[in-house]
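Each remark here refers to the structure printed beneath this line.
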Amino acid sequence: GVKNMYDDIIGLPHHVSPVHPQMARADRAAQFSPFAALTGYEMVIHEAGRMTDQQIELDEDARNMLDEKLKTIGSIKKLAKDERVYSARFLGDTGYFVTFRETDPLFSVDLSNPEKPKILGKLKIPGFSDYLHFYGEGKLLGIGMNVEEEAQVTDGVKLSMFDISDNTDVKEEHKLVLKNVYSTDVSYDYKAALIDADRNIIGFAGNTEGGERYYLFGYDEKTGFKCN
């Protein structure tokens, strides 16, 4: 019989497809569901996310015509100069964005008015989280890489738990750096993570000098992350 709550999953192998290439980071956001902030634009979102059996490649003239017809609903200029977005998550009228160049700014953005989005808060910490996942009430889990501030080199996979109970004052509640783990598939394939807040499970495969290893963590608000 099952001896503890993880026995039914701890022995499962990490699947790597020999046929399908791993998903590029830039393609991940397109798969997530529409969020409530864009009230009134549901049909536009639905059409933009519609799957088709055949991809149509547009020639340069067609692309130029399409560009002339596109209309921007709203935007935030200069969110983070010379940085790029590594990950994003949306909850109700709030969006959370991680950018990176030298530090890891986590932005909270008010999207209640799609035509006038505005920054609510900003948190700067070393490293970056290229995977975000809501983890129960008022919690946002980040998985990415820690960065050594002086040398500006990555030195291990980093887990962060952010307190987002006040979206104008986001805090890093706890963090854990896996110094012997130099990369994880979660960075470019969100399906590589096993996240179950109800059962308090955070699982993913990490690459070490000795090969790939699967990690399972639990989280406690007082003590932080614990490897099971």
Side-chain angles (χ1 to χ4, degrees), residues 1-29 31-32 84-89 96 98-104 106 125-136 139-163 172-228:
V2 177
K3 296 182 180 179
N4 62 63
M5 64 185 296
Y6 302 118
D7 281 354
D8 59 335
I9 61 172
I10 198 168
L12 296 178
H14 173 60
H15 174 70
V16 177
S17 173
V19 179
H20 302 289
Q22 292 171 322
M23 185 181 301
R25 183 187 294 116
D27 296 334
R28 286 160 45 193
Q31 300 188 65
F32 291 95
R84 65 187 182 93
V85 174
Y86 267 60
S87 53
R89 276 285 183 171
Y96 297 91
V98 169
T99 65
F100 177 73
R101 187 179 183 187
E102 295 180 354
T103 57
D104 173 12
L106 171 63
I125 51 177
F128 57 87
S129 298
D130 42 20
Y131 174 86
L132 295 173
H133 195 103
F134 295 114
Y135 202 77
K139 296 289 186 290
L140 179 64
L141 169 68
I143 302 176
M145 299 299 297
N146 192 58
V147 174
E148 204 283 321
E149 293 187 76
E150 293 186 4
Q152 284 299 300
V153 294
T154 58
D155 61 356
V157 169
K158 177 184 178 183
L159 285 78
S160 296
M161 189 65 75
F162 300 102
D163 180 355
E172 187 179 44
E173 188 172 80
H174 286 286
K175 69 176 181 179
L176 176 65
V177 178
L178 306 176
K179 292 285 188 178
N180 62 330
V181 185
Y182 55 81
S183 68
T184 171
D185 291 354
V186 178
S187 294
Y188 50 83
D189 181 3
Y190 78 94
K191 293 182 179 180
L194 170 64
I195 310 295
D196 189 333
D198 292 335
R199 298 177 67 184
N200 197 18
I201 299 174
I202 302 167
F204 59 89
N207 300 306
T208 70
E209 291 184 359
E212 188 176 71
R213 177 183 175 186
Y214 201 85
Y215 293 87
L216 279 176
F217 294 91
Y219 181 76
D220 182 87
E221 288 189 6
K222 294 182 179 180
T223 59
F225 297 97
K226 180 181 178 182
C227 189
N228 297 307

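Quantities reported herein were computed from a predicted structural model and do not represent experimental measurements.
With sequence neighbours left out, Phe225 forms a ring-ring contact (aromatic ring centres under 6.0 Å, His included) with Tyr219. Judged as a side-chain hydrogen bond (donor to acceptor under 3.5 Å, both in side chains), and not counting sequence neighbours, Asp196 has no contacts. Partners of Asp163 according to the side-chain hydrogen bond (donor to acceptor under 3.5 Å, both in side chains) rule, which considers only residues two or more places apart in sequence or in another chain, are Ser165. Every residue two or more places apart in sequence or in another chain that forms a side-chain contact (heavy atoms from CB on, under 4.5 Å) with Met145 is listed here: Phe128, Thr154, Val157. With sequence neighbours excluded, the residues satisfying salt bridge (Lys or Arg N to Asp or Glu O under 4.0 Å) with Lys139 are Glu173, Glu221. Under the side-chain hydrogen bond (donor to acceptor under 3.5 Å, both in side chains) criterion, Ser183 pairs with Asn207, not counting sequence neighbours. The salt bridge (Lys or Arg N to Asp or Glu O under 4.0 Å) test applied to Lys222 returns no partner, not counting sequence neighbours.
Side chain of Thr208 to backbone of Asn180: no donor-acceptor contact under 3.5 angstrom is found.
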**OP:** Report the C-alpha distance between Phe217 and Leu141 in whole Å, list the side-chain angles of each, state the deciding distance to 0.1 Å, and finish with yes or no for side chain to side chain contact (heavy atoms under 4.5 Å, CB included).
**Re:** CA-CA 12 Å; Phe217 294 91; Leu141 169 68; over 6 Å; no
Original post:
Would Tyr131 and Thr184 satisfy side chain to side chain contact (heavy atoms under 4.5 Å, CB included), going step by step from the backbone distance to the final call?
Top reply: CA-CA 11 Å; Tyr131 174 86; Thr184 171; over 6 Å; no
Subject >> Worked check of side chain to side chain contact (heavy atoms under 4.5 Å, CB included) between Phe204 and Leu159 >> reply: CA-CA 11 Å; Phe204 59 89; Leu159 285 78; 3.8 Å; yes
**OP:** Begin with the C-alpha distance, continue with both residues' side-chain angles, and end with the deciding distance and a verdict on side chain to side chain contact (heavy atoms under 4.5 Å, CB included) for Ile125 and Lys158.
**Re:** CA-CA 12 Å; Ile125 51 177; Lys158 177 184 178 183; 3.7 Å; yes
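Between atom CE of residue Met161 and atom CD of residue Glu172 there is a gap of 11.0 Å, rounded to the nearest 0.5 Å. Atoms SG and CG, from Cys227 and Leu178 in turn, are 7.5 Å apart once rounded to the nearest 0.5 Å. Note that OH of Tyr96 and CG of Leu140 are 7.0 Å apart. Values are rounded to the nearest 0.5 Å. Going from atom CG of Leu216 over to atom CG of Leu194 covers 7.0 Å, rounded to the nearest 0.5 Å. Distance check: Asn200 CG to Ile202 CD1 gives 6.5 Å after rounding to the nearest 0.5 Å.
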